Amino acid sequence: MTMSSRADSSRADNRTLTYGEAVFEATRSEMARDPSVFVMGQGVDDARGMFGTTLGLHKEFGPERSFDVPLAEDAMTGVGIGAALMGMRPIQVHQRMDFVLLCMNQIVNMASKMSYMFSGAHKVPLVIRAIIGRSWGQGAQHSQAFHSYFMHVPGLRVVAPTTPHDAKGCLIQAIRDDNPVIMIEHRMLHNVKGVVPPESYEIPYGKARVLSPGKDVTIVGISHMALECVRAKHLLEDAGIDAEVIDPVSLSPLDISTIAASVERTGRLLVVDTGWLSCGASSEILSETFERIGERRHFVAKRLGYLPTPCPTTKILENLYYPSPQSIAQATYRLVRGESAPAWVPGKVDSAEVAEFRGPF
Amino acid sequence: MTMSSRADSSRADNRTLTYGEAVFEATRSEMARDPSVFVMGQGVDDARGMFGTTLGLHKEFGPERSFDVPLAEDAMTGVGIGAALMGMRPIQVHQRMDFVLLCMNQIVNMASKMSYMFSGAHKVPLVIRAIIGRSWGQGAQHSQAFHSYFMHVPGLRVVAPTTPHDAKGCLIQAIRDDNPVIMIEHRMLHNVKGVVPPESYEIPYGKARVLSPGKDVTIVGISHMALECVRAKHLLEDAGIDAEVIDPVSLSPLDISTIAASVERTGRLLVVDTGWLSCGASSEILSETFERIGERRHFVAKRLGYLPTPCPTTKILENLYYPSPQSIAQATYRLVRGESAPAWVPGKVDSAEVAEFRGPF
Amino acid sequence: MEERTNSPAARLYRSMYLIRRVEEEIIRLYPTDKIKSPVHLSIGQEAVSAAVCDHLEKSDVLFGTYRGHALYLAKGGDVPRMMAELYGKVDGCARGKAGSMHLVDPSVNMMGTSAVVATGISNAVGAALALKMQKSKAIVVCFFGEGATDEGAWHESMNFASLKKLPILFVCENNFYAIYSHVKDRLAGPGLQARSKAYGIPAELVEDHEPMKLHERAGAAIAAVRRGEGPRFLECMTYRWRDHVGPGEDRIHKYRPDEELNAKIEGDNLKIVGELLPADQRKSIEAAVEKRVADAIAFAEASTFPEDQEVYDHVFAG
Amino acid sequence: MEERTNSPAARLYRSMYLIRRVEEEIIRLYPTDKIKSPVHLSIGQEAVSAAVCDHLEKSDVLFGTYRGHALYLAKGGDVPRMMAELYGKVDGCARGKAGSMHLVDPSVNMMGTSAVVATGISNAVGAALALKMQKSKAIVVCFFGEGATDEGAWHESMNFASLKKLPILFVCENNFYAIYSHVKDRLAGPGLQARSKAYGIPAELVEDHEPMKLHERAGAAIAAVRRGEGPRFLECMTYRWRDHVGPGEDRIHKYRPDEELNAKIEGDNLKIVGELLPADQRKSIEAAVEKRVADAIAFAEASTFPEDQEVYDHVFAG
Ligand SMILES: Cc1ncc(C[n+]2csc(CCOP(=O)(O)OP(=O)(O)O)c2C)c(N)n1
Ligand SMILES: Cc1ncc(C[n+]2csc(CCOP(=O)(O)OP(=O)(O)O)c2C)c(N)n1
Ligand SMILES: [Mg+2]
Ligand SMILES: [Mg+2]
């Protein structure tokens, strides 16, 4: 299925790439531009090339610039930091964000603090790509999302692009940044197509994208959930509800102005996260919006995300675990029409990237 | 300085202990009651005994039941989990919460999921005590608080008692729980005195404590900040503001009913966390309160916590980094009287536990 | 785990044949999409689980990985409940919440397996610590791949197990690869035996294609652990015939030479053990196994999916 | 780092005497509360930093720990800015934001130190990787205590450094204790040399009280690393005279025998090196150092505290 962010639908060049191809293109072009950029990660140089995002880079740029590493997430993160301290620009890739839990010490205690702790004597131009898994029985340990962990920590930048266009621009921006950047990818997005300009461009931090304007309710969807929210918006048309869908793109810094301005118009906010709610990105977005406009503008808000449980493996329960276009539409309907409104059953819509996924990972 | 939670001021026995002594008493009494309870951690059996909280337990119960471990946070957490799987009840202690970043994989990928992933075939009765550091130049790596990381994850319980009374009861409850519990302690609280009943008792999860009632504004203070909020309350009296101070005690599950009921009365909420704001406990408390009563009750809210920077070492900057009774009072004054109200300068009050602290840790 | 009256070869063959056949059935069933989860097959590696577990009692505690079918079966795990688990059915060993990567059977002390590499190792060490504290006669056996030894968790776990002289046998299934990454591209120096000894843990390597020797050496190592001599380390050279994950072959990826794989398939350990048995005994073992496997699949097919509300169950114990 | 015209003994004495005197001054000043932060003193351990760093160029990159005064000084770090940093003043090497635990001086490639045990080790390995990629002639030297080798990070770092044959010297200051915990209660097996060799990294142990031999062996190890022979590991036996942290003694805690400590103080390495020099040369070195130390303290006293708004500076680079 195809998705193009309105911002680009005007452009002449309508070349489409998958999200994975966009990530590859960004990496490859930056490696060609700057010899200090290199890729390290488990399997980045193997026959699958991290879902294609690093495929063959070791052949094009040599084995020193794209290489496999031992299963040693903690030290490999530290190695990336150390190389960055010496002026290199490492890109590290984690097949699953679940494994990044092994890197927390280096990311939080070291990378995020070096510029500050040493008053600018050190800088850490490091990019960490973390892929959120889902579907086909990933189970509790291959399906987690921890973007809120990085949003919590000063000194880190966090981006979670949804469209191929933004994936390319965010990654280029991240690689050129002198600071540690966590790039959140979602496995369900890798095969999604969208318009991607061939030339090089950067997506600035702290700029949210209105994926689809609307007047009745503001739906903020993070990463893959932005896609599901766009589908929910279409379902909602059948209930006569016109939803505005916003993709934050950049989670830290967060563009709360765009979100708050929208809520100021609609008076309703639904935040849909690809993660758990408690102390999650959704709580931050809701809180900042309320702090920003709550005093002068009454509004209602709700959060949707993973169920407050680990992720079950069996498909029948896994389906309940994730927000779907239907559940998003249903929650939006209630938010807009109230609990007393007559029952409404959203239509069916197929999330192809989920339905077609056969993994294995 | 002394602090007693009202809930107990009625009781005949007015024995006071420090927070550290209360933690020690809870540990010792549970070890005496149940042979499966044991303590493991760096330095727990040394001459300082983890700030006295484990002092001499190895002599009283033998070196198998309170022992030092290598500097290996990841595996030692895993060892605790493995022992818990076999029916033991380990208590692990981390001198600083900063080091718990090395344990995230075991805590989140393993401990929090075992009951669910194996549908009850396994349980993990593990207690992890994590101490938040502050003052005397702890710097960026010995001062962090990550309670929100654990609040984010289903399958974990998180308690952050403020009073010696609650410290004892929370720890006893945690030790007897068949699930992994993270107990958040604050170094500044260890020497604070309060009334502690000698007998054994449990503090239930999900029950917040109103430390001091009031009608104008609801101030929620977490861990050490609850103490600072009580001081701010006294400063605010001079401005004619009557603040209600609530200590959540249990962070996961969270007693939002008590907080929401208070805000419903006061119409104003200030959450003061001993940690960063973004995706922190303060954002969750604000969000849940808003979701609970926002539709029917207009209120204003604000969050206070660490500055959005790493913690600076030099005292003069460190003082700015933390909320103080003055800054809490000032923020509350603005929240209640509005931005246009005349300037008001809170009185000085001495946070003895901070001023007197000479560490080194 | 089965009746000891049989010869070791017979017990090994029964165990290995069961593993082989169960996984062949998984390969056969996979295209039906009834198994909606990743599967990490042990075909080619059966001998290690079978040989080690033959020396274990029910009470001995076993920790393994996502590549856990062989281990679960060798320890005597319930076959029907394993198949139902792969089907995501409510009669699965974890009611469908675990799937292939997290098999568990407390009735035989087969602990739930982890899909995060090396994370089960320190848990195994902790279990051994508990057994020692509880003065139990049981021991712990901990399986992992050679890739897991890259992890700091392995270092910390080996050191602590040795420090406390814990009753644990570490079994490394060295199949040369971590996904498509060869061990020589990840492991520096003289190898795992030297590393193990540097922790004060006696280590031994057993080559592939010597299933009976493996059985004998595993027995010796386990006996030493039982005698309270502290941890032992066994490096078992073995080989994965199929793709790292999924039911298929992976020759197209060319990360390993075809000849290497062919030679391994040639020297099939199952054949080696089978040939040690009289034909009729082999036949009767195979017949019995075929029935068990067929029954297990029928059980899985007949089982139902969990009810919706089960999604909320067991987040917390008790 | 200073002019090489001097004899090694003279250079060592100058460096060791500077470290000793700076830390003695810290002890003297501490009760004034002007140094509002934990200090981890190296008194008794000066020889290791001095002997190793004497072989380094400015361009060589040094990683250390919170016990970093000696290293910072031996590498030629700016003394006045170090004292100002301990005072929390704006002229400190990190404008007061780092304190004693995080000294840094980029002008001599003294990298900022970490207070989280073992976390700097993989950073050092990464720096060595960068130097190799950049075809630099410089090398990396990474200091840590024996306690850091307990950590998985050490295992992963040693393996990777060996795997990539990186230009790095690992220097373990084995002072027997991690806070009050003895190495024998944390380290199982034959010891760190065996472990290092198990990663394929040549290792050597140098006993305490042989400062000139230490100097010579460090020189040999560094030369090998410079020749591109890959990593080397040097285990330097040493001893901390003072408490783990803070300016005081710690005999009251009785975690180590008084005789052990007394013997170490008896065999003071500073005295050993000093006696190798003619009295007048020793005196002139001491006089020069005394002046440097006095000037540094005066500088720190005279410096001011950072402005409030600096609390927001440098969260991000650029
Ligand atoms: C901590 C962690 N890192 C990476 C992965 C991805 N991964 C899954 S299996 C595997 C290979 C493990 O190899 P090995 O330990 O030799 O076991 P084998 O698959 O060969 O049986 C990897 C890298 C993971 N699951 N966990
Ligand atoms: C990861 C981590 N765990 C624990 C601590 C607490 N701690 C600080 S110093 C220290 C001892 C380290 O001993 P060693 O590595 O031998 O260095 P030494 O202090 O002897 O120079 C410990 C345990 C820490 N700072 N970081
Ligand atoms: Mg392998
Ligand atoms: Mg030491």
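A, B, ... follow the sequence lines: proteins, then strands. Residue 1 opens every chain. Quick caveat: nothing in here was measured; it's all calculated off a predicted structure.
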On a heavy-atom basis, the closest approach of A:Trp136 and C:Pro38 is O-CD, 3.1 Å
inquiry  = Please find the pair of heavy atoms, one from C:Gly99 and one from A:Thr313, that lie closest to each other, and give the distance.
reply    =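 Nearest pair, atom of C:Gly99 first, then A:Thr313: CA-CG2, 3.8 Å.
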| task | Considering only heavy atoms and a distance below 4.5 Å, find which of A:Leu71, A:Asp74, A:Thr314, A:Leu317 pairs most often with chain C. | result |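 Result: the option with the highest number of such pairs is A:Leu71.
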Most heavy-atom pairs under 4.5 Å with chain C, out of A:Arg358, A:His142, A:Gln141, belong to A:Gln141
Residues of residues 309-318 of chain C with a heavy atom under 4.5 Å from any heavy atom of chain A, in residue-number order, are C:Glu310, C:Val311, C:Tyr312, C:Val315
Residues 145-162 of chain C vs chain A, non-hydrogen distance cutoff under 4.5 Å, contacting residues -> C:Gly147, C:Asp150, C:Glu151
Would you mind checking which part of [X] comes under 4.5 Å of any heavy atom in chain A, side chain (CB onward), backbone (N, CA, C, O), both or neither?
{"X": "C:Glu307", "answer": "backbone"}
{"X": "C:Leu86", "answer": "neither"}
{"X": "C:His40", "answer": "side chain"}
{"X": "C:Val116", "answer": "both"}
{"X": "C:Ser100", "answer": "neither"}
{"X": "C:Ala178", "answer": "side chain"}

Rounding to 0.5 Å, atoms CG (A:Asp46) and CD1 (C:Ile179) come to a distance of 7.0 Å
Less than 4.5 Å to any heavy atom of chain C: does that hold for the side chain of [X], its backbone, both, or neither?
{"X": "A:Asp98", "result": "neither"}
{"X": "A:Phe361", "result": "side chain"}
{"X": "A:Glu73", "result": "both"}

- Query: Are C:Asp243 and A:Arg48 close enough, and set up right, to give a salt bridge (charged side-chain N to carboxylate O under 4.0 Å, His left out), and what steps lead you there?
  - Reply: CA-CA 12 Å; C:Asp243 201 346; A:Arg48 294 184 188 270; 3.2 Å; yes
Side chains of A:Ile316 and C:Pro306, heavy atoms from C-beta outward: is any pair under 4.5 Å? yes
query: Any sub-3.5 Å donor-acceptor pair from C:Ser37's side-chain atoms to A:Gly137's backbone N or O?
result: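 Judged by distance alone, no pair lies under 3.5 Å.
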| query | Within a reach of under 6.0 Å around CZ of C:Arg186, are more than 12 heavy atoms found that belong to other residues, nucleotides or ligands? | reply |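 It does: C:Arg186 CZ has more than 12 such atoms within range.
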